[in-house]
Engineer: 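Here you go, one structure.
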2 protein chains.
Amino acid sequence: MKITEMTQSLILHFGEMGSKWGLNRTLGQMYALIVLTEEPLNADQISDALQISRSNVSMGLKELKSWNLIKLQHIQGDRKEYFTAPSDIWEIARTLVVERRKRELDPTLSMMRDVLLSEASNEADEYTQKRVKEMHDLMEMVTLWSNELQSMSSEKLSALLKLGEGISKILDVKDKLLSSK
Amino acid sequence: MKITEMTQSLILHFGEMGSKWGLNRTLGQMYALIVLTEEPLNADQISDALQISRSNVSMGLKELKSWNLIKLQHIQGDRKEYFTAPSDIWEIARTLVVERRKRELDPTLSMMRDVLLSEASNEADEYTQKRVKEMHDLMEMVTLWSNELQSMSSEKLSALLKLGEGISKILDVKDKLLSSK
DNA sequence: CTGAATTTTCAGTAATTTCTGAAAATTGTA
DNA sequence: TACAATTTTCAGAAATTACTGAAAATTCAG
């Protein structure tokens with residue numbers, strides 16, 4: 001498993017970024033390798049290419065599976081397991097958003113609900129609940145969006161993102177539609 | 001500086017989440033305390049409330065400043081520096097999105113541009129560039145959005161988020177408007 | 001079934017990140 | 001300007017997280 005210089009530098013970069021995202025260096029490198037390589041890869045190839053232990057690869061793959069970021073593939077006449085990333089980059093992005101939401105928002109949303117159900121017995125708690133309520137409502141909306149993204153086709157997602165700065169105009173149009181009813 | 005049980009449990013939770021976000025436990029706790037407390041807090045109060053060293057608070061505040069997440073305030077007749085979070089929760093959210101974009105997307109975007117400018121000297125690199133191009137274009141659109149969010153008022157942002165599942169319909173409306181031209 | 005190939009687990013170690021106390025730097029007032 | 005109050009810095013210690021090799025578990029062809 002030889003790696004071109006181009007891929008090598010991308011892998012290093014994604015390794016660094018990996019830790020800024022919820023992953024870690026090795027996971028970032030592994031996924032970069034898988035995404036940027038056309039052919040399916042097995043664990044030994046990954047271990048070899050990234051110079052990390054076979055067991056580390058195994059744990060990394062487990063993690064990537066739990067993120068739904070890789071697809072398992074079998075190759076005729078080969079007993080090893082091979083992995084690829086989805087060919088549609090939008091699918092990867094969608095998965096990332098949804099999985100991060102699960103990990104970063106859902107637990108907080110649920111604990112905030114508990115706080116909002118409890119009784120505020122003094123002024124400080126009243127202020128706290130007010131703030132929590134605002135955060136809760138905001139995060140709930142983000143969650144709704146994330147669900148919406150999850151169910152959108154890549155084409156639709158792409159169209160939505162392409163709106164870019166046009167989004168303000170769309171909002172205005174919507175207001176007009178509503179007010180003219 | 002006494003903390004109610006409610007705030008205490010929120011602080012602990014945000015501490016845990018802090019590491020899942022780009023921050024770390026202490027930073028998460030510190031920001032939770034500041035956001036959930038109505039009064040401005042000084043470093044000693046934070047150190048005391050969270051049971052962490054004064055120097056750790058100093059470093060945490062420095063980090064929160066670099067994220068633009070806190071506001072410095074002076075209290076008449078007191079030489080200490082006091083800190084608060086923005087009172088508008090939307091402003092906090094907007095700042096978070098923008099700052100995370102700066103840290104998580106911008107560097108990658110720039111390195112991808114370099115890769116795209118370089119010459120692919122073999123088939124593997126051609127595939128790699130194709131993938132990089134797709135990722136680049138996607139991330140660039142996300143960046144455009146993030147810029148757009150940055151310049152939107154809290155009201156407009158709120159309206160946009162409230163669209164929630166309505167976003168698909170809006171897209172359809174936009175298509176109709178365009179095709180009827 | 002058997003056993004070789006492959007993958008997973010896990011305890012110990014290595015690397016990284018976070019935290020602290022002491023000292024240095026800065027700030028503001030008298 | 002002098003100095004006490006306050007904040008910042010930073011080297012080393014503590015805590016956390018990531019990685020490895022060896023062993024256990026699983027898988028599957030014959």
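Values below: all heavy atoms of this structure, side chains included; hydrogens, waters and symmetry mates excluded.
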Engineer: Are A:Arg100 and B:Glu104 within salt-bridge range, i.e. N to O under 4.0 Å?
Structural biologist: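 So A:Arg100 pairs with B:Glu104 through a salt bridge.
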Engineer: Please list residues of residues 73-86 of chain A whose heavy atoms come under 4.0 Å from any atom in DNA chain C, ordered by number; otherwise none.
Structural biologist: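 Result for residues 73-86 of chain A: A:Arg79, A:Lys80, A:Glu81, sorted by number.
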Engineer: Going by an N to O cut-off under 4.0 Å, is there a salt bridge joining A:Arg131 and A:Glu126?
Structural biologist: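 Salt bridge absent between A:Arg131 and A:Glu126.
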Engineer: I want to check something: taking the side chain as every heavy atom from C-beta on, are A:Asn147 and A:Thr143 in contact at a cut-off of under 4.5 Å?
Structural biologist: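 Heavy-atom side-chain distance check passes, below 4.5 Å.
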Engineer: Measure from NZ or CZ of B:Arg103 to the centre of the six-membered ring of B:Trp67, then state whether that distance is under 6.0 Å and the direction lies within 45° of the axis.
Structural biologist: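 Judged by the rule (NZ or CZ under 6.0 Å from the ring centre, within 45° of its axis), B:Arg103 counts as positioned above B:Trp67.
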Engineer: Check this for me, if you would: do A:Lys156 and A:Glu148 make a salt bridge, where the nitrogen-to-carboxylate-oxygen distance has to be below 4.0 angstrom?
Structural biologist: no
Engineer: For residues 13-30 of chain B, which residue pairs pass the salt bridge (charged side-chain N to carboxylate O under 4.0 Å, His left out) check, not counting sequence neighbours?
Structural biologist: none
Engineer: If I take atom CG in residue B:Leu61 and atom C1' in nucleotide C:dT18, what distance separates them, rounded to the nearest angstrom?
Structural biologist: 16 Å
Engineer: Any sub-3.5 Å donor-acceptor pair from B:Thr37's side-chain atoms to B:Leu33's backbone N or O?
Structural biologist: yes
Engineer: When the axes are fitted on five pairs at both termini, how much does the helix from C:dC1-D:dG30 to C:dA30-D:dT1 curve, in 10° steps?
Structural biologist: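 Computed from the C1' atoms at both ends, the axes differ by 30°.
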Engineer: Give a yes or no on whether the backbone of A:Pro40 and the side-chain of A:Thr84 come within a donor-acceptor separation of less than 3.5 Å.
Structural biologist: no
Engineer: Answer yes when B:Lys71 and B:Glu91 have at least one side-chain N-carboxylate O distance shorter than 4.0 Å, and no when they do not.
Structural biologist: yes
Engineer: Going 5' to 3' on DNA chain D, which nucleotide is the first and which the last to come under 4.0 Å of a heavy atom in chain A?
Structural biologist: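 From 5' to 3', the first and last contacting nucleotides are D:dA18 to D:dC28.
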Engineer: With no hydrogens and no angle check, is any side-chain donor or acceptor of B:Tyr31 less than 3.5 Å from a backbone partner on B:Ile70?
Structural biologist: no
Engineer: Among residues 17-54 of chain B, which residues get a heavy atom nearer than 4.0 Å to DNA chain D?
Structural biologist: B:Arg25, B:Arg54
Engineer: Starting from A:Tyr82 and following side-chain heavy-atom contacts under 4.5 Å between hydrophobic residues (I, L, V, M, F, W, Y), which residues can be reached?
Structural biologist: A:Ile75
Engineer: Is a donor on one side and an acceptor on the other found under 3.5 Å between the side chain of B:Glu38 and the backbone of A:Ala124?
Structural biologist: no
